[in-house]
Number of protein chains: 2
Amino acid sequence: MSGSSLSPREVARRRLLDTLRREGPLARVEIGHHLGMSPASVSELTASLLDEGVLVTEEGSEALSGLIRGRPKVRLFFADSLGFVIGVWTGFNRIELRLVDSAGRNRASRHVERPLRNLEADALMDVLSETITAFARDSGAPDVKAVGLACQGYVDTKEGIVAWSPVLGTRDLPLAEGLGQRLGKPVLIENDASAMAFAIAQRDPALRVGRTACLMIGDGVGLGFLVQGELYRGARSGGSEFGHVRLRRSGPQCRCGGRGCIEAFLADYALHRDAQLIDHRPAPTILIPSEDAMGALVAQARAGDTALLHLFREAGEVLGDAASILIQTLEPDHIVICGPGTRAMDLLSPSFEAALEHQTIPALRSLTTIQVVESSMDLLTEGVVMQALRELDQDLARLRAA
Amino acid sequence: MSGSSLSPREVARRRLLDTLRREGPLARVEIGHHLGMSPASVSELTASLLDEGVLVTEEGSEALSGLIRGRPKVRLFFADSLGFVIGVWTGFNRIELRLVDSAGRNRASRHVERPLRNLEADALMDVLSETITAFARDSGAPDVKAVGLACQGYVDTKEGIVAWSPVLGTRDLPLAEGLGQRLGKPVLIENDASAMAFAIAQRDPALRVGRTACLMIGDGVGLGFLVQGELYRGARSGGSEFGHVRLRRSGPQCRCGGRGCIEAFLADYALHRDAQLIDHRPAPTILIPSEDAMGALVAQARAGDTALLHLFREAGEVLGDAASILIQTLEPDHIVICGPGTRAMDLLSPSFEAALEHQTIPALRSLTTIQVVESSMDLLTEGVVMQALRELDQDLARLRAA
DNA sequence: CATATTTGTTCGTTTGTCGAATAAAACAAT
DNA sequence: ATTGTTTTATTCGACAAACGAACAAATATG
């Protein structure tokens, strides 16, 4: 009845590898310090990991010594010759790729402009498979061990299924399996906001204690929620498409088919579309505007365009309402606002702050810190690559145990 | 850095006591089955627990044997002679009390009509202390080991602080310490919706797997959220006053000072107040109506009063919106609607269902089951008493370990 | 070169769990 | 009555995992 329980050894092994992935090369004593373990136990664990070739001792430690008295530390880290992992993000008309070696070090990256919307499921998987294969070939990476893919929508990471996505017509697409078969490698899929949240939390230790809610504004509005540094998993993906909470009953149309979703006020496409409407130009079909177009929009607003300023004010208000709901439901210790949408944070802030204060019960407000993290989509592939590496580590451990 | 880590022994001990509390008297083999442990280990653990007098072997097992072939089971359970625990719920003008023995068996209960609103913090604690002491005395319970108190508002169980409560004027009241000093016993405080959620989940095993959100409608609207049967703890109490999420910007006044809170549509006081307003009677100050008054209101609506029906329709709609937010944020496997407010579920249902379907993205809707649990406030004291007993069990274990 | 200092390993011990054998306590069959 | 049968519980030896203490290793300092 206790499910697939890991052996104590596997748990320890995993914790060790996790901290090593995060904290860079560490000496055995330092690992012990991080994990609250005795040096003896660390020695035992690392001995077998070195033996298996998962870890290697760091060269050139002599640079570090020279001033410290005792025996110099020998730092350990992942071997970088055990193959590669590719991280992918798929947007509406763009694919971002990143290649890392087994030590997690960046080896190559690429972005491809390619409209993905309205492709059939099979066609989409073909395109992805080809793009990934070409990238691996061109980067001279013959031995890709796994692929991590971050995409929009409700993603069930465990089952490898995309339940719904704004990009896809199909529902319940078994993407991990489909792409995995084409590539002949394990594929891990993840919601993009979750991947972003994970990456951001890897960089800031404060975000790994307590609960952290990451609101990502960009093509859509996503939520990645972390509890003690681990991604919260709901029945499906865990609040990851929070952007489709409908805050205004008679609000603008959203691409999900509903009305008044958070996303329908805040996402790039929504702001761009509403700006077009102001100019009495015909409303475009849903379209992801370029970064340039969004930059121009923001610049025009900053220059004092009152109609545009009103749009941003309303968007900020919705963001404040959204943050307030998060606070009063999840009671997070931190809220992080991230993604390309933060480019207009100066325009959103006044109404955001006002709405947040207005809508949140004061006793709770002080418990949550709110910060804006300027994060490019780069972080996204970084996040999903780290997750794929972690899975790989775990598989290694499990393989050994079997 | 790893906090206060329990020894493996303590963890096992606690898991054992938890299942025993929940699943009633069990034989050693059955315990092993529940926990996925070998009989040898169970024997080892129970031996010391029997030795310490925490557990006893059940008498009268001969009634159970007689038809089964092998050696008869000897069921173990908590000794009932190790003192008592009192569970308390404080409403606006009512205090509910329950006395259980160390085996968790009900020994006495009482409810006291007593307006608590607008009392000073010290006066409130005095009243509670006196009421509890009198109850213990009258019930012939000389040896009360601990008190569990469930109350409305933002409760920080760990710190024992009530951050804010509709009953209190004060903020950040250290209630556990204050009451504990007066009574000379440890006091555990908990949000009432959380206590209710805990009690309901103890009764239904299905609610202890995955995530369960319990919406309690009554004096206010509370939320108890469980992950794998354990209460989710946010930065404070964990979404417990979800009722103060503001869904309608220009909605009715709420007792928290805001406007358009979920509670301001659904709570007893809100429905009662709005019904008064329909009749052009002067709006009463915030007042908790009696169960009779609410019954009359519901009866009148069922009889076809269109204005009242409209009130309930709107309340149902808000409930649907609320459930939708929960689904799209927490992605729970189960939503349970409970509390006295379910008395009018037939009136709320049509608009509730409609709003829920309208506001929720279809890909997620099917993942969450929704059920209504008719639950009296009795369950509440049961929930908090169980939590207090659990704490006591843990303390026993810790005491031994020290 | 001896000493101090810090890192890492070895080794014996403790703790917790398990499997297998064994004992215990009933019923069933002859 | 006695002898199996069946299920429950305990005992005992084995093993895994982690720890503390002692010890070895590698460097800086005086």
Side-chain angles (χ1 to χ4, degrees), chain A residues 2 5-16 20 25-51 55-77 397-398 400-402, chain B residues 1-2 5-17 20 25-51 55-77 397-398 400-402:
Chain A
S2 59
S5 55
L6 300 171
S7 77
R9 177 79 175 236
E10 279 175 294
V11 173
R13 209 179 149 112
R14 202 185 161 179
R15 289 212 310 146
L16 193 155
L20 213 52
L26 290 178
R28 279 163 257 239
V29 232
E30 295 170 327
I31 295 173
H33 223 255
H34 273 277
L35 298 175
M37 277 175 124
S38 73
S41 307
V42 178
S43 243
E44 230 275 316
L45 275 170
T46 52
S48 61
L49 285 164
L50 284 163
D51 202 47
L55 300 183
V56 292
T57 59
E58 202 189 35
E59 301 299 314
S61 326
E62 70 274 4
L64 288 163
S65 64
L67 288 167
I68 312 125
R69 280 179 71 96
R71 170 174 172 174
K73 297 172 201 283
V74 179
R75 292 187 208 278
L76 304 176
F77 202 57
R398 201 174 292 156
R400 286 281 136 192
Chain B
M1 287 276 151
S2 58
S5 57
L6 301 172
S7 78
R9 178 78 177 240
E10 280 175 294
V11 173
R13 207 180 150 112
R14 200 182 164 179
R15 289 212 309 145
L16 193 154
L17 293 176
L20 213 52
L26 289 177
R28 279 165 256 241
V29 231
E30 296 170 326
I31 295 173
H33 222 255
H34 272 277
L35 298 175
M37 276 175 125
S38 72
S41 306
V42 178
S43 244
E44 229 275 317
L45 274 170
T46 51
S48 62
L49 286 164
L50 284 163
D51 203 46
L55 300 183
V56 292
T57 59
E58 201 188 36
E59 301 300 313
S61 325
E62 71 272 6
L64 288 162
S65 65
L67 290 166
I68 313 124
R69 280 180 69 94
R71 171 175 171 174
K73 299 173 199 284
V74 178
R75 292 188 207 277
L76 304 176
F77 201 57
R398 200 173 293 157
R400 285 282 136 193

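Values in this document were obtained by computation on a predicted structure and should not be read as measured data.
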Student: Could you give me the CA-CA distance, side-chain angles and deciding distance for A/L76 and A/V56, then say whether side chain to side chain contact (heavy atoms under 4.5 Å, CB included) is met?
Tutor: CA-CA 6 Å; A/L76 304 176; A/V56 292; over 6 Å; no
Student: What are the two closest non-hydrogen atoms of A/L6 and A/V11, and how far apart are they?
Tutor: CB-CG2, 3.9 Å
Student: Output all residues satisfying side chain to side chain donor-acceptor pair (under 3.5 Å) with B/S38, sequence neighbours left out; order by chain, then residue number.
Tutor: B/S41
Student: Can you list every pair that meets salt bridge (Lys or Arg N to Asp or Glu O under 4.0 Å) and has a residue in residues 29-38 of chain A, with sequence neighbours left out?
Tutor: A/E30-A/K73, A/E30-A/R75
Student: Could you state the CD-P distance from B/E44 to D/dT10, rounded to the nearest angstrom?
Tutor: 11 Å
Student: When the C1' atoms of the five terminal pairs at each end define the local axes, what inter-axis angle does the helix from C/dC1-D/dG30 to C/dT30-D/dA1 show, to 10 degrees?
Tutor: 20°
Student: Give, for atom CG of B/L26 and atom CZ of B/F77, the distance between the pair rounded to the nearest 0.5 Å.
Tutor: 8.5 Å
Student: Between the side chain of B/R28 and the main-chain N/O of B/P39, is any donor-acceptor distance below 3.5 Å?
Tutor: no
Student: Could you check how far CG of A/L50 sits from C1' of C/dT9, rounded to whole Å?
Tutor: 13 Å
Student: Tell me the interatomic distance from A/R15, atom CZ, to D/dA17, atom P, rounded to whole angstroms.
Tutor: 15 Å
Student: What is the distance, to the nearest angstrom, from the CD1 atom on A/I31 to the C1' atom on C/dT7?
Tutor: 13 Å
Student: How many Å lie between CZ on A/R75 and C1' on C/dT6, as a whole number?
Tutor: 13 Å
Student: Rounded to whole Å, please give me the gap between NE2 in A/H33 and P in C/dG8.
Tutor: 13 Å
Student: Give each protein N/O atom lying under 3.5 Å from an N/O atom of nucleotides 19-21 of chain D, with the pair distance.
Tutor:
residue, atom, partner, partner atom, Å
D/dC19, OP2, A/S38, N, 3.1
D/dC19, OP2, A/S38, OG, 2.8
D/dC19, OP2, A/S41, OG, 2.3

Student: Please list each protein N or O that sits under 3.5 Å from an N or O in nucleotides 4-8 of chain D, with the distance.
Tutor:
residue, atom, partner, partner atom, Å
D/dT7, O2, B/R71, N, 2.8
D/dT8, OP1, B/K73, NZ, 3.0
D/dT8, O4', B/R71, O, 3.2
D/dT8, O2, B/R71, NH1, 3.0

Student: B/E10 has an atom CD; how far is it from atom P of C/dT17, in whole Å?
Tutor: 12 Å
Student: Measure CG/B/L35 against P/C/dG16 and give the value in whole Å, please.
Tutor: 16 Å
Student: Give every donor-acceptor pair under 3.5 Å between a side-chain atom in residues 42-50 of chain B and any protein atom, sequence neighbours left out.
Tutor:
residue, atom, partner, partner atom, Å
B/T46, OG1, B/V42, O, 2.8
B/T46, OG1, B/S43, O, 3.1
B/S48, OG, B/R9, NH2, 3.4
B/S48, OG, B/L45, O, 2.9

